[in-house]
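Quick notes on the structure that follows.
No hydrogens, no waters, no symmetry mates; every other heavy atom, side chains included, goes into these values.
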Amino acid sequence: MRISKLTSHTACLNCSYLRGPMRATVPVEKVSWDVPFPHYNPVEYTSPIVLSGPLWADPDITGQDHSIRFNSVDGKVNRVSHWGEYAVVGGMPRNPVGRTGITGRGLLGKWGPNHAADPLVTRWKRNEQGEIVRNSGSGKPVLEFVGIRRKDTGDLAVPGGMVDAGDTVSATLKKEFGEEALDSLSMSKEERERLSQCLDTLFLQGTTLYKGYVDDPRNTDNAWMETVAVNFHDNGTAFSAFHLNAGDDAGEVYWIPVSRGIQLYANHRQFVEAAAEATGAHW
């Protein structure tokens, strides 16, 4: 399955920003920058947490001259979009999908694209005898994936996180899965080493499902989420020594059976559907 490039967004429209103000109203037909909207009056908002200057955040450049190099690798910060060059208007990057009703960065640290990595770890659902379970209707095998319940929104989601400056997507995929799904942050040195070996095996080969813009509730006109979603299919042995424990940004974590009716955070349902199609699983 090829996940189509987004032509609009809904999670960041006509709603209150997470722990922030109400967004300005944007009719769906006026999301695109190509459609004139002379009365567009977005709310400006950047979270106090971001403005406090943490290491992961850019400086505030609102109304100021700056040296940030958009559409390029700016020192250790990758400001290149997976979708190609984005517009920079008045020195500010512009959301490539369209208007969101809010300017500034909201809860996002970087102006422009904020890069994340989402590891979708799957396995076949098995019965007590170890046999693969098949759906009674389609006859196809049932896929399970490791999902978390996000602490910030309460939504079910694929575990993942931000790609740190100077880090690689592949390293982030492995690190975030260990931190969010397997709670590696609370493991002993010996347990971490064993976990690392298991993840090395599991993450040796993966199938890229998607690269690009994410319909994320944190997006603004000047800052947005992009991700690389990769499917890693477990043959049933990689997790035999480890329990799934929520860690870092995850409230709960468990194996979730894949089905058409599942509701997930942002674009994650599309990632799971693509993995089901790629593995020939029930959907």
Side-chain angles (χ1 to χ4, degrees), residues 3-54 56-72 74 77-116 150 152-153 155 162 210-227 264-270:
I3 300 178
S4 301
K5 185 175 180 178
L6 293 181
T7 57
S8 189
H9 43 214
T10 58
C12 52
L13 277 183
N14 306 323
C15 60
S16 295
Y17 193 88
L18 292 170
R19 298 187 292 278
M22 186 69 186
R23 296 173 182 269
T25 299
V26 181
V28 174
E29 67 273 13
K30 292 185 177 180
V31 168
S32 173
W33 298 108
D34 295 331
V35 178
F37 192 2
H39 301 298
Y40 181 53
N41 186 27
V43 176
E44 183 176 336
Y45 176 69
T46 298
S47 167
I49 296 173
V50 176
L51 290 175
S52 68
W56 46 266
D58 286 336
D60 187 17
I61 62 171
T62 306
Q64 304 177 34
D65 293 332
H66 61 83
S67 58
I68 292 178
R69 294 184 290 117
F70 294 114
N71 289 301
S72 66
D74 186 14
V77 180
N78 181 10
R79 303 188 190 278
V80 178
S81 170
H82 290 298
W83 280 7
E85 188 168 337
Y86 49 88
V88 178
V89 180
M92 306 290 279
R94 193 166 71 175
N95 188 310
V97 170
R99 301 177 178 95
T100 68
I102 199 165
T103 59
R105 285 172 290 165
L107 288 166
L108 298 177
K110 301 292 188 291
W111 296 99
N114 288 252
H115 290 288
R150 293 178 62 101
D152 56 354
T153 65
D155 294 323
M162 308 304 295
Y210 179 75
K211 287 184 179 181
Y213 182 91
V214 178
D215 185 11
D216 192 286
R218 294 169 291 182
N219 292 346
T220 73
D221 287 4
N222 308 121
W224 59 91
M225 288 297 303
E226 297 197 12
T227 198
L264 300 173
Y265 179 82
N267 295 41
H268 294 188
R269 183 179 183 275
Q270 291 176 289

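Screening N222, T103, V89 for a side chain to side chain contact (heavy atoms under 4.5 Å, CB included) with R94, the sole residue that qualifies is V89. Residue L13 is tested with V31, I102, D215, T25 for a side chain to side chain contact (heavy atoms under 4.5 Å, CB included); the sole match is V31.
Taking NE2 from H268 and CG from D155, the interatomic distance works out to 10.0 Å, rounded to the nearest 0.5 Å. Separation of atoms CE (M225) and CG (L108) is listed at 6.5 Å; rounding is to 0.5 Å. Atom CE of residue M162 and atom CH2 of residue W56 lie 9.0 Å apart, to the nearest 0.5 angstrom. With rounding to the nearest 0.5 Å, the separation of CG in N95 from OG1 in T220 is 7.0 Å. Note that the CZ atom of R99 and the SG atom of C12 stand 13.5 Å from one another [nearest 0.5 Å]. The CD1 atom of I49 lies 6.5 Å from the CG atom of L107; values are rounded to the nearest 0.5 Å.
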Quick one: side chains of residues 34-44, donor-acceptor pairs under 3.5 Å with protein atoms, not counting sequence neighbours, listed by atom name and distance.
| residue | atom | partner | partner atom | Å |
| --- | --- | --- | --- | --- |
| Y40 | OH | G101 | N | 3.0 |
| Y40 | OH | D221 | OD1 | 3.2 |
| Y40 | OH | D221 | OD2 | 2.6 |

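In this structure, N14 contributes its side chain and V26 its backbone to a donor-acceptor pair below 3.5 Å. Counting only distance, with no hydrogens or angles, the side chain of Y17 and the backbone of R218 share a donor-acceptor pair below 3.5 Å. Panel note: side chain H66, backbone P59; no donor-acceptor pair is recorded below 3.5 Å.
A heavy-atom distance below 4.5 Å is found between the side chains of R105 and L51. W224 places a side-chain heavy atom less than 4.5 Å from the side chain of P96.
Residues A223 and N114 come closest through the heavy atom pair CB-ND2, 4.1 Å. Between H9 and V97, the shortest heavy-atom distance links the atoms ND1-CG1, 3.5 Å. Across D60 and T62, no two heavy atoms sit closer than the pair OD1-OG1, 2.8 Å. In terms of heavy atoms, P217 sits closest to Y265 at CD-OH, 3.4 Å. Nearest heavy atom pair, residue P113 against residue E226, reads CB-OE2, 3.8 Å. When every heavy atom of N219 is checked against every heavy atom of Y213, the shortest pair comes out as ND2-OH, 3.0 Å.
When the side-chain contact (heavy atoms from CB on, under 4.5 Å) test is applied to R79, the partners found at least two apart in sequence or on another chain are D58, I68, F70, D74, V77, Y86, K110.
Here ring pair (Phe, Tyr, Trp, His ring centres under 6.0 Å) pairs that include residues 94-116, with residues two or more places apart or in two chains, are H82-H115.
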